Each structure stands twice: as C-alpha cells, then as structure tokens.
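Read the structure below first, then the notes.
Convention: sequence-line order gives letters A, B, ...; per-chain numbering from 1. Keep in mind the model is a prediction, meaning the values are calculated, not measured. Values reported hereafter were calculated over all heavy atoms of this structure, with side chains retained and with hydrogens, waters and symmetry mates removed.
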Amino acid sequence: MRIGYACLTVGVEGTKLRTCSLKNATPALLTELIYSNLLVLDKVLDYNIQNDIKLFRISSDIIPFGSHPVNKLEWWQIFADQLKNLGQKSHSHNMRLSMHPGQYTVLNSPIDVVVERAVEDLRYHARFLDSLGLGPENKIVLHVGGVYGDRLASMERFVSEYRRLDENIRQRLVIENDDRQYRIGDVLSMGRSEGIPVVFDNLHHQVNPDNTHTELEWIEVCASTWKPQDGPQKIHYSQQDPSKRPGAHSATIHVNEFLQFVRNLPNSDVDIMLEVKDKNLSAVKCIHALRMSNFIK
DNA sequence: CCGCGTCAAGTTCAT
DNA sequence: ATGAACTTGACGCGG
C-alpha cells in the first residue's frame, strides 16, 4: 500500500513550479521555465523519498503550455537526460507517478476541435511519462467529460474516441468517477467493456453516489479492472470540508476516519492518492498512522 | 515591493 | 443569451 499526494509540496523550499502568461511564452522563457521545473521535480522526489512517500501526482504545469501550440519546443529531447534521471530516481525507490489532466480536457465533446485539443493534451501527458522512461503502471487519470443532455450517447462518444487514441496513451489511461456527471457505475460500464482501469474516488462517490452497490462493493469491482501491467489498484481518497460546498476537499486528513476507511478495504494491495489542501503534510501523517497500526512496514 | 486582478481551458447552471 | 462557478497558485501590472 502506497500513500501519496497531488502536485504541490507545501513547506519545502524550492518546490514551487514556475509558469508564464501566454503572451510572454517565448521559446527562451519556456526553456528556462522547464529547466527550473525539472529541478523542482527532482527536489520533490528527494523529499518524497526522505519521507517514504511512494505515490505522487506530477502537476500538468510541469511543462508550461505543454499541449498548447505556443510551445513548439522539443523538450523531451532538449531535457532527455534530466527526464531519464528523474524517472530512474522514481523507479529505483519503488515510487509510482501519475498525472491528471484537468476539467478542460474533454475527450467526449461533440465539438471536434475540443476533442482534438483533448487528444493533444493526452499526448503531452503520455509523452512526459514516457520521457521519464517509466512503465504503464504510472497512470494518466481522466474524467469522462460532459453529458450534453444525452448520457448514453456521450458515453459512446467517449468510447469511440478512446479507441482512436495512440497505444502509448491507452496503456496509461485510467478513468475516474466525478462529483457531477459520471457516477462510478457509469465509469465502470465503460472501464469493463473497454479494458480501462477505473479509479474510485470516495468523495465524488459520496457527493454523486450510485447506490446500486455499497462503497466497498464498488471498490472491489474497480479492483477487477486493474490488470497486472497496470500495477496495483489506485483509489482517490479525500474528506469533505464541512464549511464548503459538497465535494470540496478538507484542509487536512482526519486520521481516525482515514484509518477506518483503510481497515474496511477489501484488499490491502491498493495505492491511495490523497486529495487534500495540506498535501504532503497529510500524506506524512497518514503514512505514520498506518505504520503505527501495522498496515505498512 | 506590495496587493490585487487576471489567467489557458469546457461545461453546466443560474440569471 | 450571457456570465459565473468550478479550482488554483502564480504571474504581472499598477501604484
């Protein structure tokens, strides 16, 4: 069981990613920003190693405008050595990396150019993980997208676009339930028919539930979508911020509730990505708590 | 140098 | 039909 956090490392000097506005995005500046961001990633991996954190989501901002036409740099060649070293560092410490395109990457849009941009964005994410030299268990997590007034037709559009993706993308792509449109049963129906691993997100499920099964039953069904080459099942775990809208992540993870969740899991060979405001701080806290309870070595 | 408006992007929902 | 919300910290301008 690995525990991890997403994108940002709080309280650690020299780990802020840099970016720029579109109008300033010259090749020279982009080159400098990428160089700087790869140094940041190296620092973050070092921090993770020192703290026994073996699961980490790399921010999509690691390469500024990574899938935008303004960025024509062949960064995967320019920085090939650094990228390969970063991947080796991750691999040698049994770390698992992932990426997660945001809400604007919509593969199932009825608008062609939106789909084209989504495919470009997936190409960028896959290329980044490929350039690290990491295997297909280092995943790209994607939401299904919009409903457009016709859920079934929109799911079919997702499937037909998925089938057209490059093989290196399909090897890494996994899909997740969201808190508004696609519930876990919807996602699983596509995951099972197409052989796409499914990430169960507990808070999205709480906010947007499919009550035809219990949470634990859904987690078990999701487990069956992870094939050996995909690595252990991944799930997203977060807790509700009581002062914010439904679905908003809490400031920190409350350990007792987390331990209760882990104790109930049907299978302990699961990697858990925490989605929480205090990021690595909660990851350290949860790893410590799991160790005290002998869930991990 | 500080603080605040703006930011590349798509969908949904409220007005 | 238009625009805010989603989500977010960092950029970048104005004072």
Reckon Val70(A) touches a base, only the sugar-phosphate, or nothing at all at heavy-atom distances under 4.0 Å? nothing
On DNA chain C, more 5' by nearest nucleotide between Cys20(A) and Leu8(A) is Leu8(A)
- How is Thr105(A) classified with respect to the nucleic acid when contacts are heavy atoms under 4.0 Å: base, sugar-phosphate, or nothing? nothing
- request: For Asp121(A), report the nucleic acid contact type (base, sugar-phosphate, nothing); a contact means any heavy atom under 4.0 Å.
  value: nothing
Next on the checklist: Taking only the C1' atom of each, what is the distance from dC6(C) to dG3(B) in whole angstrom?
Outcome noted: 25 Å
Rounded to whole Å, the CG-C1' distance (Asp178(A) to dT12(B)) equals 12 Å
Quiz item: Using the ring of each side chain (for Trp, its six-membered ring), is Tyr47(A) parallel, tilted or perpendicular to Tyr5(A), with breaks at 30° and 60°?
Solution: perpendicular
From CG of Leu107(A) across to C1' of dG10(B) the rounded distance in Å is 13 Å
How far does the P atom of dA8(B) sit from the matching atom of dA1(C), given to the nearest Å? 27 Å
Winner on side-chain proximity to Arg180(A), out of dA8(B), dA10(C), dC13(B), is dC13(B)
Test side-chain hydrogen bond (donor to acceptor under 3.5 Å, both in side chains), reference Asp271(A), set Lys54(A), Lys234(A), Arg2(A), Lys139(A), output is Arg2(A)
query: What about His125(A) and His100(A), are their ring centers closer than 6.0 Å?
result: no
When both distances are under 3.5 Å in a Watson-Crick or G-U wobble arrangement, the nucleotide paired with dC1(B) is dG15(C)
_For the P atoms, the ones on dG5(B) and on dA4(C), what distance do you get once it is rounded to whole angstrom?_
14 Å
Taken to the nearest 0.5 Å, the spacing of Leu274(A) CG from Ile53(A) CD1 works out to 9.0 Å
Note: for Lys16(A) and Lys23(A) on DNA chain C, the residue whose nearest nucleotide lies more 5' is Lys16(A)
In whole angstroms, the gap separating P of dG9(C) from CG of Asp278(A) amounts to 12 Å
**Prompt:** Does the side chain of Val44(A) come within less than 4.5 Å of Val12(A)'s, by heavy atoms?
**Reply:** no
Next on the checklist: If you compare every side-chain N and O of Ser21(A) against the phosphate oxygens of dG12(C) (OP1, OP2), does one of them come in below 4.0 Å?
Outcome noted: yes
Winner on side-chain proximity to Lys277(A), out of dG9(C), dA8(B), dG10(B), is dG9(C)
Report task. Could you label the plane-to-plane angle of the His205(A) and Phe200(A) rings as parallel, tilted or perpendicular, counting under 30° as parallel and over 60° as perpendicular? Result -> tilted
Leu142(A) atom CG is separated from dG10(B) atom C1', nearest whole Å, by 13 Å
| Any Ser109(A) side-chain nitrogen or oxygen under 4.0 Å from OP1 or OP2 of dT11(B) | yes
Checking dG10(B), dA10(C), dC13(B) against the side chain of Gln103(A) (C-beta onward), the nearest is dG10(B)
Checking N1-N3 plus N6-O4 or O6-N4 for Watson-Crick, or N1-O2 and O6-N3 for wobble, each under 3.5 Å, the partner of dA8(B) is none
Side-chain contact check for Val147(A): nearest option of dC11(C), dA8(B), dT12(B) is dT12(B)
Asp112(A) atom CG is separated from dG10(B) atom P, nearest whole Å, by 13 Å
Rounded to whole Å, CD of Gln181(A) lies from P of dC13(B) at a distance of 6 Å
Q: Can you tell me, in whole Å, how much space there is between the P of dG3(C) and that of dT6(B)?
A: 14 Å
To the nearest angstrom, the CG-C1' distance between Asp241(A) and dC6(C) comes to 15 Å
Tyr148(A) atom OH is separated from dC13(B) atom P, nearest whole Å, by 12 Å
* To do: Say whether, by atom type as modelled, one donor and one acceptor occur between the side chain of Trp218(A) and the main chain of His213(A) under 3.5 angstrom.
  => yes
**Study point:** Phosphate-side-chain proximity, Asn24(A) and dC11(C), N/O vs OP1/OP2 below 4.0 Å
**Key:** no
With a cut-off of less than 4.0 Å, is there a side-chain N or O of Arg18(A) near OP1 or OP2 of dA10(C)? no
Which of dA8(B), dT11(B), dA10(C) is nearest the side chain of Val114(A)? It is dT11(B)
